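By convention in this document, chain letters (A, B, ...) are assigned in the order of the sequence lines, proteins followed by strands, and residues within each chain are numbered from 1. Being a predicted model, the structure only gives us computed values, none of them experimental.
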Amino acid sequence: MISFKNVNKWFGDLHVLKDINLEVSHGEVVVVCGPSGSGKSTLIRCINRLEPIQKGELVVDNMNVHDKKINMTKIRAEIGFIFQSFNLYPHMTALGNVTIAPIRVRKMSKEEAEKIAKKALVRVGLGDRINHYPAQLSGGQQQRVAIARGLGMKPKIMLFDEPTSALDPEMINEVLDVMRDLAKEGMTMMVVTHEMGFAREVASRVVFMDDGQIIEVAPPNDFFTNPQSERGKHFLSSILTH
Amino acid sequence: MWSFYFHELMRSLPFFLKGLWMTVAVAGLGLIAATIIGFILGIVRAGRNKILRSIIGVWVDLIRGTPFLVQVFIVFFILPSAGIELEAFPAAVIALSNMGASFICEIVASGILSVPKGQREAATASGLSNYQQLRYIILPQAMRSIIPPLVGQYVLIIKDSSVVSAIGVVDVTRVGWLTVQRIPEGLMVFGLVGILYFAICYPLINLSNYMERRMTVTATRL
């Protein structure tokens, strides 16, 4: 589904992704973790070309993402992206946020889009808030609307860039619950997160990154109980001590 | 004597109102053209094409760095030597639109750039095209920061339109100059001119204040 082949990226002189090779298959849930600055956010932002790459090949659903001639709209329509800071459109209601892309990108009629949007909002537990504006919603609710917004396009892949890092602790679970359900229903997901409990529960693999490289790839239980790399051990000890 | 002049002034009121109408026409047309041109250029100025951004930047700096009176003279007196003959009214509207557009361009560009980057990223990630992003996501949010200074700019355009009296457009300022030759009470005559400008600017100033309050209230209520 997603295939990184020798992907390299620089921000000016800074080499932020070094020889990334990774395959994510259909229905897999891959958690990417690592210290700050390891390149994990950059990694998933390359998948829908929010960030360009300079070397290597990134293939999503048999389409070469960084080919200059490719129609990015088609690729992006199949990828839902959830941001750490939600990035909901403040001038639209929850329903508006979810329907805008299906209407404008998938060219659906308003009625069709609203039907799908309502279902998505109910699925994330916000059926009674469809006409609320983002500012009238809590952080956890906003992030769930963001997930519904991703789902509204019926994507093949959902990418999450630290979805709960900006939330108050009591709201983290409501978002993780939605993500757990998605995983159980077979959605292909790549999640950058520090939520290790979530990773252990639903991830098929954990990708540990440091300093722009993939250091270790292992099933969550293996990685958390018995990390093979020095840096992996160091990272886990630093985050598990509270 | 004063009351005689005052009486004369009141008899000239229709002349002043004709001049006021001319002011409204010049400023009104200038304002509309400036808005259209200013918005288009502002959108380009906030865009990704570095070359176009610099060209527009140079033009904006030129206009903001020269007196409007000089710009009016250039359009009216100097363009004819390049083959472009213009009458006073069209020259006035062109000069006013040009100046207004440069200021509106900057207002629009900063409004667009003030929309958080995350909005553009979310829109891009959903597959919206550049045009769709601008139309449905960016501009609606940018309008919040654009409208108050835009209305303020309209007031400036109306006041700056008084300069076109220098090339013979018979706006309300020019009526003042002509009248003061018959009625040599400068304070009285130009007091009336001032009141007439104030009469058309004041509603706009109020509108701008009201909109500014509404925009900030909605922002803080949330």
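The environment of B/Phe77 atom CZ is dense: over 12 non-hydrogen atoms of other residues, nucleotides or ligands sit within 6.0 angstrom. In A/Trp10, the CH2 atom is crowded: over 12 heavy atoms of neighbouring residues, nucleotides or ligands sit closer than 6.0 Å. The number of heavy-atom neighbours closer than 6.0 Å to CG of A/Leu14, taken from other residues, nucleotides and ligands shown, is above 12. More than 12 heavy atoms of other shown residues, nucleotides or ligands fall within 6.0 angstrom of atom CD in A/Gln54. Within a 6.0 Å radius of CZ in A/Phe11, more than 12 heavy atoms belonging to other residues, nucleotides or ligands are found.
Without hydrogens or angle criteria, A/His91 side chain to B/Tyr136 main chain gives a donor-acceptor distance under 3.5 Å. Put simply, the side chain of A/Asn48 never gets that close to the backbone of B/Ala125: no donor and acceptor are under 3.5 Å apart. Judged purely by atom type and a 3.5 angstrom limit, B/Gln119 uses its side chain to pair as donor or acceptor with the backbone of A/Leu88.
Looking at A/Arg45, the atoms closer than 4.5 Å to chain B (heavy atoms on both sides) all sit in the side chain, from C-beta outward. Proximity to chain B (any heavy atom under 4.5 Å) is restricted, for A/Ile79, to the backbone atoms N, CA, C and O. For a residue to count as touching a neighbouring chain, one of its non-hydrogen atoms must lie under 4.5 Å from one of that chain's; by this rule A/Met72 does not touch chain B. For B/Gln132, the part lying near chain A is the side chain, with the backbone staying farther off; criterion is any non-hydrogen pair under 4.5 Å. Neither the backbone nor the side chain of A/Arg106 comes within contact range of chain B; no heavy atoms are under 4.5 Å apart. When heavy atoms are compared at a cutoff of 4.5 Å, A/Phe83 approaches chain B solely by way of its side chain, counted from C-beta outward.
One distance of note links CZ of A/Arg104 with CD of B/Gln133; it measures 13.5 Å at 0.5 Å rounding. Between the CZ atom in B/Arg120 and the CG atom in A/Leu50 there is a gap of 12.5 Å [rounded to 0.5 Å]. Rounding to the nearest 0.5 angstrom, the gap separating the CZ atom in A/Phe81 from the CD atom in B/Glu121 is 7.5 Å. Between the OH atom of A/Tyr89 and the CD1 atom of B/Ile138 there is a distance of 8.5 Å, given to the nearest 0.5 Å.
The shortest side-chain heavy-atom distance between A/Arg76 and B/Ser126 does not fall under the 4.5 Å cut-off.
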Quiz prompt | Worked check of side-chain contact (heavy atoms from CB on, under 4.5 Å) between A/Met92 and B/Ile137 | solution = CA-CA 9 Å; A/Met92 296 179 180; B/Ile137 309 297; 3.9 Å; yes
